Each structure stands twice: as C-alpha cells, then as structure tokens.
Amino acid sequence: MSNKVRVIRGLDMVGLGLLVPFVKLATGEAPRTQAREILQSVGLPVLAIGAFLLAWSLLASSVETSIGSVPGPIAVATEAGNLVADHRAERAKEAAFYERMETLKLKYAEEGKPWKDRRYSGKPTYFDQILTSLKTVFAGFVLASLIAVPLGILCGLSDRFYAALNPLIQVFKPVSPLAWLPIVMILVSALYTSADPMFEKSFISSAVTVALCSLWPTLVNTALGVASVDPDHMNVARVLKLSQMERVFKIVLPSALPLIFTGLRLSLGVGWMVLIAAEMLAQNPGLGKFVWDMFQNGSSQTLAQIMVAVFTIGLIGFALDRMMSFVQSLVSFDVAPAKA
Amino acid sequence: MTGYLEMYNLGKTYPGADGPAVIVEGFDLSLQQGEFVSLIGHSGCGKSTVLSMVAGLNSISDGGVVVDGREIDGPGPDRGVVFQAPSLLPWFTAFDNVMLGVNKVFAHATPAERSDIVEHYLTVVGLGDALEKRPAELSGGMRQRVGIARALALAPKVLLLDEPFGMLDSLTRLELQDLLLQVRDREKITTLMVTHDVDEAIFLSDRVTMMTNGPAARVGDILPIPFERPRERTALLESDEYYRLREHLLAFLEGQELKRGIAPAAA
Ligand SMILES: Nc1ncnc2c1ncn2[C@@H]1O[C@H](COP(=O)(O)OP(=O)(O)O)[C@@H](O)[C@H]1O
Ligand SMILES: [Mg+2]
C-alpha cells in the first residue's frame, strides 16, 4: 500500500476525513475535484462559524444583564487567555514555593532542627479542573463499562434474563443525574468511611452518578450485538459442537464487538454531559464546579468565564467522541485491516 | 440394501397459521460410501430443508437419517457442511477459520500436527499462500474455497453442500467445480450436494436425484450418471450421452413446472 493511501485511511479513521482532499491535492490528484471538495468540506464550515461569531457579537452587545453586558467572542477569547495566564502564574508560584522549601530544608539541616515536608496548597487552576473532570468521567465510564458489558452479554445470550431485566432498564434509563446524585451522595457518605480515603467523596459521588447515567447505551447495544449474531456463524458453532465458552469467546463476542463499541462511544458522550451537572451538585473540583463557582461569584467576568467553559466542554466532548470512533474503527471487520 | 448415508421416510412440517405446512414428506434416499449424489428441484421445493435436516441444523419432523449405521441426533463434525454463503468468521484468518474445527475434532493431536492438517487442506483448495488472509481480503471464490477446506479438514463421514457455488460468477464456478471433482477423486468422500444447475449436477455426480415440487416434496426420479472418473469437462460436452442426460433432467423440471401451473386451476 502506498504512503498516500495509508495517510488517507489514517485520517479517515481518526475522523479527520476533511483533510483528505488536501492530501490528494498535495499529491496532484485531480486538482479541480479536490478544490471543489475543499471548498465544500472546509469552506462551508468556516462560513458557518464566521456567521455564528458575527451573530453572537451583534446580539451580545445588545443585551444588558445584572452583571454587565453579555460578552462577545473577543471578550471570551480574552478570558480564555486570562485563564491560561492564571494557570502559568499559579504554576510559577508553586515552583517558587518548593524552591523556598528546599533552601529552608538545607538551613534546618545545618541548624540540626527536625524537618517536615510541606505541600503547596494553592487553588486549582482551570487546567487542574479540566484534568479532574477527565479523571472523574473516565472513572465513571470504566465503572459503567464493567457493569454494562457483562450484563449486556447475559441479556443477549438469554432471552429470559433480558425479559427479567428489561423493565428495570426501561425505568432507570431515563432518570436524570440530578435525581441520582443526592441518593449517591448520601450512600457514599454512609458507606465510604475510610479514615484515610484514597479518593474524595465528591469524586466518588460524581463518578458513580456518571456511571449510573451512562451505562444504559452500552448495556442495550451489547445485548443487541450479542443477540444478533449471524445465524450462519451460530450454525458453524453447532456443527463444530463448540462449548458454551468457546461460542461466547470465539463467535459471540467478536461479532458483537462493533456494537459494544458503539454503545461505549454513546456512553462516554452521555457520561461527559452528565458529569458537569454531577460536579456542580457534588462540588467535585472539575469543570462543573468551576461553572458553579463562577456563577456564584457574579463578577463582570462571570459570563465570559462560563462561556469559555462551555467551549471547553464542547471541544473535549468532541475529542472524546473522535477517540472512541477511532477505537471503534479498529474493531470493525468490514474494512480489511491496514498492513504495514 | 443399506447405504452409508440414508434418509428414510424423511419429513418436515412447519406449524402454520392456517394448519401445518408439509414441506417434505416420505423422502427416501440412500448413498453408498464414496458416492456423490446431487439434489435438484425448483426453487422453494425443499432441497435446503432436506440438507439441513441431514446436517442436523433443522429438526426432523418425521422419519430419520442414518450415517454409517447410526441415527443422527443434532449437528456434528462427522457431517461437514458448506453453505451458499461462505459463513467464515470475519475476525479469523483463513488458517484460523479452518483451525477452529480442527482443534475440536483432532483434540488429541499435537499443535504441529493440527497446523499441518490445516495447511494441507488449504493447499488442496489452492490457498497455500493465503493462510494469513482474512475473509475481507479474499474474493468470493477464495472464501468458498476456505469453506470447502474447513469442511474437509474435519475428516467428515459425509460432505453436505447447499448450492455452494450459487453466489459465484460463472468462471469461478467452473473453477470450483473442477476443484470439487479433484477433491472427490482423491478423498472418495460421500457427498450430498444441492444445486439448481443441471450441468453442475451431471458433471459432478454419480447420481442426480430430482425432487418434486412442494408441498410434500419427495424424490421424483433418480438418474445415474454413467461417465467414468476422472472426468474432463470438454470430453463430456462432446458426448451425445451428456445431452441425453441433460434432456432427461430438464424434461423432469419442466414437467414439475407444468404441474405447478395446473395445480391452482384444479383446486
Ligand atoms: N421456518 C419456516 N417456516 C415455514 N416455512 C418454511 C420455513 N423455512 C422454510 N420454509 C418453506 O419451506 C419451503 C422449502 O424451502 P427450502 O428448503 O429453502 O427450498 P429450496 O432450498 O429448495 O429452495 C419453502 O417454501 C419455504 O417457504
Ligand atoms: Mg435452498
């Protein structure tokens, strides 16, 4: 396979198909067609984004709120820059603190006084909060997958098991995270009572809530994937008299894998959406808490900061989805796997 | 006279909304060891139904099937099956698809012996250098070759083929017919093949069984094919005998067609 084909397939797999015409153009393939495609795949979105920004800035300047005028795109971009600058400043302060501690430690050692390590406890920066959110959503997602995939397999294998579980699935599926969270928080407080906790309670509550809300798409899709194995493939298993275990691992799971990953991708999307609400209520120090704190502040920058958070949430959600779509394309058998 | 593969008084009835639907009834056919028999008949008459009952994949309503002196009960690797669709597992390579069954049947062989068996049969069907290819990388004809290798590698007592070349283009189909003929001459394996291609039936078979139209389809006529083996297609096509046999089969099928045309008027 040529490098060009490999590059194009790679771009398609990670969901950057819109760059394909550029690759083709660079290699001199049908320039006219490529130009038209670029205009369509890049030109039109750029146009739409431009129109959105224009409408936003026009509308923003015409609305007055109790905490000042609604910020336009430029104000929001400035605020994003401020958050980055805050992050840098905070990191510099931290580095300076540890430097001071080092010199202090040496001085103590010279004077023969006992020394105790001290940790820097500055406020979390915007990037710390993003990281916390990502950790929380992954914890919830992993928990959800560990529950939903095995249950889904059982549901797909046994009609009776599915019939038994189906009413519960249907009832719990539409429940909002805002309803789950108080229950989860009370239960976590009651049950998670270690003296030296490894995780914050707010982290556990948020992650469990994410899991409760996001396990349904994986459960349902896994069950569907397992139940809809090609009857021809099941016949192969019957002719060969494969054991139940061999059936599950050699035939059922591989053929259900694409749908399982479709479910996981949907679950991660739901989880990320739910997380923000959960963090707001649970006071888990992530993006949700950031939005809530900014809202409570009510300063002139509040709206701009929250809008930065909105874009951050959207972009990260998009990136997570692209990532899952890439993994999904790795487990689908319709395309011949690329060979190096 | 008892055969190696025997279907006696075989019947299939499906429960239907307006009474039970009798698809096949009183189907009797007996194959000698090493014999190649094909089953022809109009589409929907019940050929696949008979074959899948012999394979054990479809429950038997009436009568029974005996293989090598034992009545069958469900499917098993003593009857290798090749379907119209290759039904290979797409996540396995050609090698692994064949190995799946070999592992099962030759559980006591060493891994090296098993690997040799798989390679041998894939080489027999002409895929010696495509062992590590996945189904998606193979053409339709090559996939069906893997399917044949998979069935043969089980060392089955009988081979059951349901329109194995029905989805292939005519050139590939001729190639695979030649392959099947070679395999039969080497392995002398008892084979029952469903087809709706009259030429294919004559070229490959020792006997051609003609099925009447359903409902309650049964064996209408059996035509022995006297050509010596090994056979050669061009030689066959030059003989008058070939056209006489062909005429016989076509006349039977046409007769069934007429019967079907008259049936509704008589009812
Ligand atoms: N599950 C089923 N229930 C009712 N009728 C069926 C079922 N499966 C097949 N049939 C009927 O049995 C008849 C024979 O089918 P089949 O054996 O596939 O025909 P052939 O292989 O000769 O084309 C058809 O008329 C079909 O409609
Ligand atoms: Mg059929």
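The sequence lines fix the lettering, A, B, ..., with proteins before strands; numbering per chain opens at 1. As the structure is a prediction and not an experimental result, all values here were calculated from the model.
When side chains are defined from C-beta on, A/Lys241 counts as touching B/Pro77, because their heavy atoms get closer than 4.5 Å. Residues B/Leu100 and A/Lys250 have side chains in contact (heavy-atom distance under 4.5 Å, counting atoms from C-beta outward). Under the 4.5 Å side-chain criterion, counting only non-hydrogen atoms from C-beta, A/His233 is in contact with B/Pro90. With contacts defined as side-chain heavy-atom distances shorter than 4.5 Å, the pair B/Asn103/A/Leu240 does not qualify.
Interface residue A/Val239: backbone and side-chain heavy atoms are both found under 4.5 Å from chain B. Looking at B/Arg79, only its backbone comes within 4.5 Å of chain A, counting heavy atoms on both sides. Interface remark: A/Asp230 contributes no atoms to any contact with chain B (heavy atom separation under 4.5 Å).
Distance check, rounded to the nearest 0.5 Å: CG of A/Leu253 to CH2 of B/Trp91 gives 9.5 Å.
By the 6.0 Å contact criterion, CE on A/Met273 is open, its count of non-hydrogen atoms from other residues, nucleotides or ligands being 12 or less. Crowding of A/Gln40 atom CD: a count of heavy atoms from other residues, nucleotides or ligands under 6.0 Å not exceeding 12.
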**Request:** Evaluate side chain to side chain contact (heavy atoms under 4.5 Å, CB included) for B/Leu89 paired with A/Ile251, printing each intermediate quantity in order.
**Result:** CA-CA 7 Å; B/Leu89 304 176; A/Ile251 296 188; 4.0 Å; yes

